[in-house]
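Residue indices begin at 1 and follow the sequence shown. Both counts, for ligands and for their atoms, begin at 1 and track the order of listing.
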Amino acid sequence: MSRTALRICPLCEATCGLTLTVEGTRVTGARGDHDDVFSKGFICPKGAAFGAVDGDPDRLRTPLVRRDGELREATWEEAFDAVAAGIRGVVERHGANSVGVVLGNPNVHTMAGALYPPVLLAGLGTRSVFTASTVDQMPKHVSSGLLYGDANAIPVPDLDHTDHLLLLGANPLESNGSLCTAPDFPGKLKALRARGGTLTVVDPRRTRTAKLADRHIPIRPGTDALLLAAMAYVLFEEGLVDTGELAPHLQGVEELRSAMGDFTPEAVAGTCDVDAGTIRTLARELAAAPTAAVYGRIGSCTVPHGTLASWLVDVLNILTGNLDRPGGALFPQAATDRTPRPAGPSHGFALGRWHSRVSKHPEAKGELPLSALAEEIDTATDEGEPIRAVIAVAANPVLSAPDGDRFDKALGSLDFMVSVDPYLN
Ligand code: SF4
């Protein structure tokens with residue numbers, strides 16, 4: 001006999017409510033939960049595929065342990081014994097930092113993913129931690145850490161109430177967005193326009209999201225920071241800065257005015273390939289809207305000066321009084337952390353406490369760039385040991401990391417590897 005179970009989709013940050021059909025121990029169907037107050041029945045094709053995933057014959061039902069060169073089915077006890085022996089041997093021979101841990105994107109979408117990896121890392125004592133976040137969003141974490149003292153205090157646009165959304169480097173009509181926690185992001189953009197709000201999209205490509213917008217700015221790739229700085233310049237120059245209730249909490253506004261002094265629209269127009277008049281219009285529209293939010297995503301992060309662009313996104317929200325107010329950019333609360341956010345300027349965030357061994361990349365949030373993992377395995381230096389073992393949790397870096405082919409080759413030189421994944425990836 002089948003029954004219904006209400007769950008939250010763990011496949012991305014949108015946290016859509018699911019209504020699952022369960023027969024015995026098998027999920028046989030999934031649809032959107034119309035009573036979910038947040039997602040209101042929306043799910044994307046990934047969420048709708050839960051029944052197919054649960055019944056997929058390729059999904060692993062038991063651990064696999066390599067014996068005589070072949071991965072063979074094993075009991076959980078045998079698997080844990082193999083992991084303990086393999087990891088312990090590497091730590092004893094080469095030290096804790098010779099164990100690399102790769103944390104994939106799903107770790108931040110589940111309660112277990114948020115709770116258990118810190119315990120694993122504390123037990124191992126390794127600094128060789130590589131995450132999916134370093135591929136596409138670390139600039140935002142760093143700018144939030146420096147600005148608010150908390151790398152996870154990332155303001156998200158209040159899509160349901162804003163009057164004006166300036167969106168950079170994001171195509172939520174294809175991706176549903178990220179660093180935003182918005183079920184049915186496309187529907188929210190359409191609702192914004194239907195209630196008379198305006199949508200401006202800054203993107204080198206005429207994406208599906210750009211086609212929906214009131215205004216599309218086809219900027220030259222990698223120049224978002226210049227555009228945003230010029231908009232800040234215009235706000236100062238034309239007396240449009242109005243920080244409202246934020247004023248008592250702000251430090252450094254005059255230093256900011258001075259720092260923006262050279263970034264006139266005319267100075268950046270050629271580099272951005274956006275004419276100066278348009279830049280002034282963007283700034284004026286942002287200041288004039290009753291409420292507004294600037295939102296920058298992957299295209300503004302994965303470029304030179306991505307941290308600067310991420311910071312300037314929040315600077316514009318601050319200068320127009322739109323940070324931390326309804327209709328603007330709001331600080332969400334985490335499900336597993338009751339620390340007040342933001343923590344306060346310059347408190348609680350440090351950058352570069354250690355560096356990667358080969359290319360000396362600074363850590364951020366205790367994480368090193370996933371793009372450096374292959375060289376940390378295959379390159380010897382005078383300093384420290386190469387990585388000799390890898391624990392990959394919900395990660396498939398051969399396919400998803402930059403230079404995955406090099407990582408694929410490097411895997412062959414490891415003493416030990418464990419992959420935690422429902423599929424043989
Ligand atoms: S958008 Fe799709 S993958 Fe993300 S939570 Fe909703 S149903 Fe799941």
Side-chain angles (χ1 to χ4, degrees), residues 4-22 26-56 58-59 103-117 131-133 135-137 140 152 154-160 162 165 167 169-192 199 201 207-209 212 293 295-299 301 330 332-337 393-396 399-400 420-423 425:
T4 296
L6 301 180
R7 293 291 185 274
I8 300 295
C9 176
L11 296 183
C12 92
E13 60 168 62
T15 60
C16 298
L18 295 177
T19 303
L20 300 178
T21 305
V22 183
R26 285 239 5 242
V27 176
T28 55
R31 59 187 196 280
D33 176 4
H34 289 274
D35 293 327
D36 186 290
V37 294
F38 194 48
S39 57
K40 299 186 174 72
F42 173 83
I43 53 171
C44 79
K46 286 196 292 182
F50 260 98
V53 171
D54 199 41
D56 186 350
D58 287 343
R59 186 172 63 77
L103 299 175
N105 179 279
N107 283 292
V108 294
H109 304 144
T110 63
M111 193 71 93
L115 292 175
Y116 292 113
T131 65
S133 300
V135 177
D136 70 349
Q137 68 186 47
K140 192 71 203 176
N152 289 322
I154 295 175
V156 301
D158 185 0
L159 298 175
D160 292 327
T162 194
L165 180 65
L167 188 151
N171 186 11
L173 260 73
E174 300 283 6
S175 68
N176 197 59
S178 59
L179 291 183
C180 193
T181 313
D184 195 14
F185 200 135
K188 290 176 189 295
L189 292 185
K190 289 169 188 161
L192 160 72
L199 171 66
V201 171
T207 61
R208 278 180 63 204
T209 307
L212 179 74
Y295 167 71
R297 262 314 289 132
I298 186 166
C301 277
L330 300 167
Q333 296 290 321
T336 56
D337 181 358
V393 184
N396 188 8
L399 289 187
S400 62
V420 182
D421 202 283
Y423 283 89
N425 66 40

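- In this structure, Arg297 pairs ionically with Asp136, as a charged nitrogen and a carboxylate oxygen lie closer than 4.0 Å.
- Of all atoms in ligand 1, listed by their number and element, those nearer than 4.0 Å to a heavy atom of Thr15 are 5 (S).
- For the atom pair CD1 (Ile154) and CG (Leu330), the distance works out to 14.0 Å, reported to the nearest 0.5 Å.
- Protein heavy atom at the shortest distance from atom 6 (Fe) of ligand 1 is Cys16 SG, 2.3 Å.
- Regarding atom 2 (Fe) of ligand 1, its nearest protein heavy-atom neighbour is Cys44 SG, 2.3 Å.
- Looking only at side-chain heavy atoms (C-beta outward), Asp36 and Ile8 come within less than 4.5 Å of each other.
- Pro157 has its side chain out of reach of Thr162: every pair of non-hydrogen atoms, C-beta onward, lies at least 4.5 Å apart.
- The Ile43 neighbourhood of ligand 1 comprises atoms 7 (S), with distances under 4.0 Å to a heavy atom of that residue.
- Remark: minimum distance from atom 4 (Fe) of ligand 1 to any protein heavy atom is reached at Cys12 SG, 2.3 Å.
- Side-chain polar atoms of Asn396 and Tyr423 form no donor-acceptor pair below 3.5 angstrom.
- With ligand atoms numbered from 1 in the order given, ligand 1 contributes 3 (S) to contacts under 4.0 Å with heavy atoms of Lys46.
- Atoms of ligand 1 found under 4.0 Å from any heavy atom of Cys9 (numbered from 1 in listed order, with element): 3 (S), 5 (S), 7 (S), 8 (Fe).
- Using a 4.0 Å cut-off to heavy atoms of Asn176, the atoms of ligand 1 that qualify are 1 (S).
- Annotation for ligand 1: atoms under 4.0 Å from non-hydrogen atoms of Leu11 are 3 (S).
- Heavy-atom contacts of Gly47 reach the following atoms of ligand 1: 7 (S) (cutoff under 4.0 Å).
- Side chains of Pro10 and Met111 form no contact here, defined as non-hydrogen atoms less than 4.5 Å apart.
- Environment of OH in Tyr116: sparse, with no more than 12 heavy atoms of neighbouring residues, nucleotides or ligands closer than 6.0 Å.
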